[in-house]
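Heads up, the thing below is written out as structure tokens.
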Amino acid sequence: MLGISALPISEFDLIARYFDREELKPDAAQSSRIPLGIGDDCALLEPPEGTQLALSTDTLVAGVHFLADADPGLIARRALAVNLSDLAAMGAEPLAFTLALTLPKTNEAWLESFSQGLADMVQTYRCPLIGGNISRGPLSITIQVQGSIEKGQALTRQGARPGDLVFVSGQLGAAGLATSLLINGMKLDTPDRKDLHRAYYEPQPRIALGRACVGLANAAIDISDGLLADMEHIARQSQVGVELEANKIPVAATVRTFMTNMGDPSRGLSLALTAGDDYELLLTLAPDDAVRLQELAEGINVRVTQIGQVLSGKGVRCLDKQGNEITVAGKGYRHF
Ligand code: ADP
Ligand code: MG
């Protein structure tokens with residue numbers, strides 16, 4: 001409580017005004033699962049009968065994960081999206097989230113926009129805010145999401161089996177390209193960079209696809225560090241090898257265009273292989289289930305593409321049309 005007393009508006013007023021508000025609360029249907037939200041020492045959750053609680057937390061730090069002067073509503077959207085993506089990767093249904101904020105100063109316009117960005121996501125993904133914390137310090141946002149998953153049915157990184165096919169949702173590389181443009185001081189809010197802007201600030205957590213894959217996929221992960229790096233997590237934890245086919249990898253159209261204009265079309269593929277932040281799902285499943293996956297994905301309007309297969313052995317290799325291995329320098333983003 002020491003630092004916060006220096007803020008011109010009290011911590012409690014801030015919470016009341018920007019976080020304990022109607023648009024962020026559980027709706028009538030959700031309130032049976034959340035008997036107590038913001039306002040007490042703890043929130044209370046009652047996950048549906050026969051489910052397990054899935055928990056995940058992620059911190060976004062200004063200057064590391066986003067630019068400090070970025071639109072606060074977009075920062076909020078992205079912060080919640082990357083957390084929801086972890087629930088999607090487990091096949092879990094969102095229940096609720098908590099939010100720990102550190103703020104350098106009280107800027108009500110910033111908080112208003114941030115709170116509105118959260119509200120949009122809360123409504124879209126039906127994941128209400130049930131508690132949190134505010135303190136003074138360098139701008140950072142920590143969200144913890146809670147979801148529910150049918151007992152024993154979570155999609156883990158451990159279940160891939162030799163013979164499985166590998167699928168990825170959506171398209172890859174756009175968020176990575178957006179990040180490198182931002183790092184180099186370029187703007188994304190121009191009409192020709194709309195897709196890049198959206199890929200970076202508004203990733204679509206694949207909750208519906210994750211739910212559809214429960215009982216179908218053998219292993220799943222969301223792509224936060226890059227396709228190769230995240231594929232390696234599945235390979236290692238499942239003790240299998242993976243062969244990816246370069247020509248099947250869905251490089252985002254906006255990335256292809258950008259790289260072609262730069263005179264370097266092959267760079268699109270290496271971005272798709274190594275750049276993080278796309279938050280698409282990477283799945284493995286038995287070949288017999290592939291048609292069912294395509295049907296389910298079509299039903300929820302999500303594109304899924306088969307990009308490789310699981311083998312016995314270890315390691316992840318990406319092969320070109322001639323069967324030669326493609327090597328890339330960086331295999332994904334690492335903080336340390
Ligand atoms: P305590 O001191 O018991 O941790 P606080 O006084 O910090 O509680 O917070 C009061 C209530 O407001 C708690 O229910 C807490 O979860 C909630 N809260 C605090 N900060 C936030 C926030 N940023 N977003 C949502 N709820 C918050
Ligand atoms: Mg307390």
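For ligands, and for the atoms within them, numbers begin at 1 and follow the listed sequence.
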Requested in this report: Classify the side-chain pair Asp164/Thr284 by whether it contains a donor and acceptor separated by less than 3.5 Å.
Outcome: yes

**Report entry** Residues Gln116 and Arg21: side-chain donor-acceptor under 3.5 angstrom
**Finding:** yes

Query raised in the report: Considering only heavy atoms of Asp40, which atoms of ligand 1 have at least one such atom less than 4.0 Å away?
Result: 13 (C), 14 (O)

Query raised in the report: Are the charged groups of Glu280 and Arg206 less than 4.0 angstrom apart, N to O?
Result: yes

**Report entry** Contact atoms of ligand 1, heavy-atom distance to Ile15 under 4.0 Å
**Finding:** 12 (O), 18 (N), 19 (C), 20 (N)

Query raised in the report: Taking distance alone, with no angle check, do Ile38 and ligand 1 share an N/O pair under 3.5 Å?
Result: no

Query raised in the report: So which heavy atom on Ala275 is nearest to which on Gly176, and how close?
Result: CB-CA, 3.5 Å

Query raised in the report: What do we get for Leu129 next to ligand 1 when only non-hydrogen atoms under 4.0 Å count, side chain, backbone, both or neither?
Result: side chain

Query raised in the report: Can you find a non-hydrogen atom of Tyr18 under 4.0 Å from ligand 1?
Result: no

Report task. Closest by any non-hydrogen atom to atom 22 (C) of ligand 1: pick that one out of Leu103, Leu118, Ile141, Asn133. Result -> Asn133

Report task. Going by heavy-atom distance to atom 6 (O) of ligand 1, choose the closest among Phe12, Phe19, Phe97. Result -> Phe12

Report task. Report the residues that fulfil ring pair (Phe, Tyr, Trp, His ring centres under 6.0 Å) with Tyr201, sequence neighbours left out, ordered by chain and then residue number. Result -> His197

In residues 287-299, what donor-acceptor pairs under 3.5 Å come from side-chain atoms, sequence neighbours left out?
{"unit_1": "Arg292", "atom_1": "NH1", "unit_2": "Glu295", "atom_2": "OE1", "d": "3.1"}

Report summary line: Gly39 heavy atoms within 4.0 Å reach ligand 1 at atoms 11 (C), 13 (C), 14 (O)

Query raised in the report: Near Asp41, which atoms of ligand 1 are under 4.0 Å from a heavy atom of that residue?
Result: 3 (O)

Query raised in the report: Would you say the side-chain atoms of Glu202 and Gln204 include a donor-acceptor pair closer than 3.5 Å?
Result: no

Query - Heavy atom of Leu101, distance to ligand 1 below 4.0 Å - result: no

Query raised in the report: Tell me, do Ile149 and Glu93 make a side-chain contact under 4.5 Å, heavy atoms counted?
Result: no

Requested in this report: Give the numbers and elements of all ligand 1 atoms closer than 4.0 Å to a heavy atom of Ile134.
Outcome: 20 (N), 23 (N)

Query - Donor-acceptor pair between Thr142 and Thr59 side chains, under 3.5 angstrom - result: yes

Query raised in the report: Atoms of ligand 1 less than 4.0 Å from Glu11 heavy atoms?
Result: 7 (O)

Report task. Report yes if Gly132 has an N/O atom closer than 3.5 Å to an N/O atom of ligand 1; otherwise report no. Result -> yes

